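Working notes, beginning with the structure itself.
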2 protein chains.
Amino acid sequence: MATEFNHAGIETPDEHNRETYTISDLSDEFGVTPRALRFYEDEGLIQPERHGMTRVYHKRDRARLAWILRGKRVGFSLADIREMIDLYDLGDGRTKQRAVTREKCEERIAALSEQRTDIDSAIEELKGFLEVLDKVEAEDKA
Amino acid sequence: MATEFNHAGIETPDEHNRETYTISDLSDEFGVTPRALRFYEDEGLIQPERHGMTRVYHKRDRARLAWILRGKRVGFSLADIREMIDLYDLGDGRTKQRAVTREKCEERIAALSEQRTDIDSAIEELKGFLEVLDKVEAEDKA
DNA sequence: AGTTCCGTTCACGTTAACGTCAAGCTATGA
DNA sequence: TCATAGCTTGACGTTAACGTGAACGGAACT
């Protein structure tokens, strides 16, 4: 009889190609701590299933986590991210709700575009600095 | 007789075209609080002159502030920024020091490039979501 | 002389995003 | 059967980047 649950070790092959993940599966894969995942759950960003006490993550949760982490990388707060996720989940809102959603999205896009140009100029500036270094180096050799 | 110091109000014209700034000149211009500027000073990011007790900022300080704020916008911590400023100030370091500097710069550039692609895909994703909204809207009208 | 502004220095408070124990349950391998 | 590994829930600690008074000084209108 197959054990109903098998946390670590070798994959149970009869579980048709990994549909679920443990907390450390995901935290290992994404390079974050389990604590972080529990925190995101407390904040309402993910809602994994439970088998008894233990969390069981599905692909949907995995995808959300990816979203969250990318959001963080581009400078969003968890509150921002939750807001966006909520908007995303709201596919059936009434017209007015959708207008709000649209506005939020556009705001985000504008902010991100601004960030992009900031990053571009920071990169340029750093490259310029590298060139200065090269020059000094060359002068030194002469 | 010209008053030696004139905080607010109309510009004193005999002070050949604004070479110095008060703390609130700068904080107003850049949209931050004086507290922030003092904090940056405590952290060793800027070192304005003093006339008695009061801080007097020059163009150099203004430029630094601009650097700091852009750094923040692209996600650097104040510690990161101080590190970069220190590197910048070190124009005369010996060869090995310069190698370290170069490496740091390249690391930064790499990180920033990664951030850029993250931002790009976030923007794409948001645009995709907007299209979904458009679709739903269109269906509603039908 | 008095009030108003703008500046100053402590020094404690705050928020976000976890880190870090502590204490306990539970299934699996030795 | 017991230890070990991995899961759980509190709950307090931590860091960064300021916010927020408190209490004061000095110039400048009125």
Side-chain angles (χ1 to χ4, degrees), chain A residues 1-12 15 20-57 61 65 68-83 85, chain B residues 1-12 15 20-57 61 65 68-83 85:
Chain A
M1 188 177 116
T3 52
E4 204 223 344
F5 200 65
N6 180 359
H7 359 217
I10 306 100
E11 222 146 66
T12 9
E15 214 141 6
T20 73
Y21 314 84
T22 73
I23 192 168
S24 49
D25 283 345
L26 285 188
S27 59
D28 285 355
E29 178 178 355
F30 288 96
V32 300
T33 66
R35 173 69 175 109
L37 295 191
R38 296 195 190 99
F39 183 73
Y40 297 156
E41 186 175 347
D42 286 350
E43 296 293 295
L45 296 173
I46 6 180
Q47 287 103 19
E49 248 185 65
R50 298 284 177 129
H51 278 187
M53 298 250 86
T54 81
R55 290 161 174 86
V56 178
Y57 297 85
D61 304 306
L65 181 54
I68 293 168
L69 296 180
R70 188 170 65 212
K72 289 201 57 188
R73 281 200 301 272
V74 301
F76 288 131
S77 72
L78 292 185
D80 289 337
I81 293 168
R82 179 177 46 199
E83 203 182 344
I85 285 180
Chain B
M1 188 177 113
T3 50
E4 204 224 342
F5 201 67
N6 181 0
H7 355 224
I10 306 101
E11 223 145 67
T12 8
E15 213 143 4
T20 73
Y21 314 84
T22 74
I23 193 166
S24 49
D25 283 343
L26 286 188
S27 59
D28 285 355
E29 178 178 356
F30 288 97
V32 299
T33 66
R35 172 71 174 108
L37 295 192
R38 297 196 189 101
F39 183 72
Y40 297 156
E41 186 176 346
D42 286 351
E43 296 292 297
L45 295 174
I46 8 179
Q47 287 100 20
E49 248 184 64
R50 298 282 177 130
H51 278 188
M53 296 251 86
T54 82
R55 292 163 172 85
V56 177
Y57 296 85
D61 304 307
L65 181 55
I68 293 168
L69 296 179
R70 189 171 65 212
K72 289 201 56 189
R73 281 201 300 273
V74 299
F76 288 130
S77 71
L78 291 186
D80 289 338
I81 294 169
R82 178 176 45 197
E83 203 181 343
I85 286 180

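What you see is a predicted model, and the numbers here were worked out from it, not measured in a lab.
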Practice task
From the options C:dG7, D:dC7, C:dT8, select the nucleotide whose nearest atom is closest to the side chain of B:T22.
Solution key: C:dG7

Exercise for the section: Can you tell me the distance, in whole Å, between the CZ atom of A:R38 and the P atom of D:dG10? Expected result: 12 Å

Handout entry: Point-to-point distance, once rounded to the nearest 0.5 Å, from CG of B:L69 to CD1 of B:I81
Key = 8.0 Å

Exercise for the section: If a pair satisfies salt bridge (Lys or Arg N to Asp or Glu O under 4.0 Å) and one of its residues is in residues 39-52 of chain B, list it, with sequence neighbours excluded. Expected result: B:E41-B:R50, B:E41-B:R55

Practice task
Go through the structure and list residues passing side chain to side chain donor-acceptor pair (under 3.5 Å) with B:R35, not counting sequence neighbours.
Solution key: none

Practice task
Check side chain to side chain donor-acceptor pair (under 3.5 Å) between A:S77 and all other residues, then give those that pass, not counting sequence neighbours.
Solution key: A:D80

Problem - Closest to side chain of B:Y40, choosing from D:dG6, D:dC18, C:dT8 - result: D:dC18

Completion exercise
Stems in DNA chain C, runs of 3 or more consecutive Watson-Crick or G-U wobble pairs with both distances under 3.5 Å, sorted by first number, are C:1-30 with D:1-30

Exercise for the section: Could you encode protein contacts along nucleotides 10-16 of chain C as a string, one character per nucleotide from 5' to 3', using B for base contact, S for sugar-phosphate-only contact and - for no contact, with a heavy-atom cut-off of under 4.0 Å? Expected result: -------

Handout entry: B:R55 CZ to C:dC6 P, straight-line distance once rounded to whole Å
Key = 17 Å

Handout entry: Any residue meeting side chain to side chain donor-acceptor pair (under 3.5 Å) with A:S24, in chain and number order, not counting sequence neighbours
Key = A:T22

Exercise for the section: Quickly work out the A:E41 CD to D:dG10 P distance and round it to whole Å. Expected result: 12 Å

Fill in the blank from the handout: Quick note, B:T33 side chain, CB onward, closest among D:dC18, D:dG19, C:dT9 is D:dG19

Completion exercise
In this structure, OH of A:Y57 is separated from CD1 of A:I46 (nearest 0.5 Å) by 5.5 Å

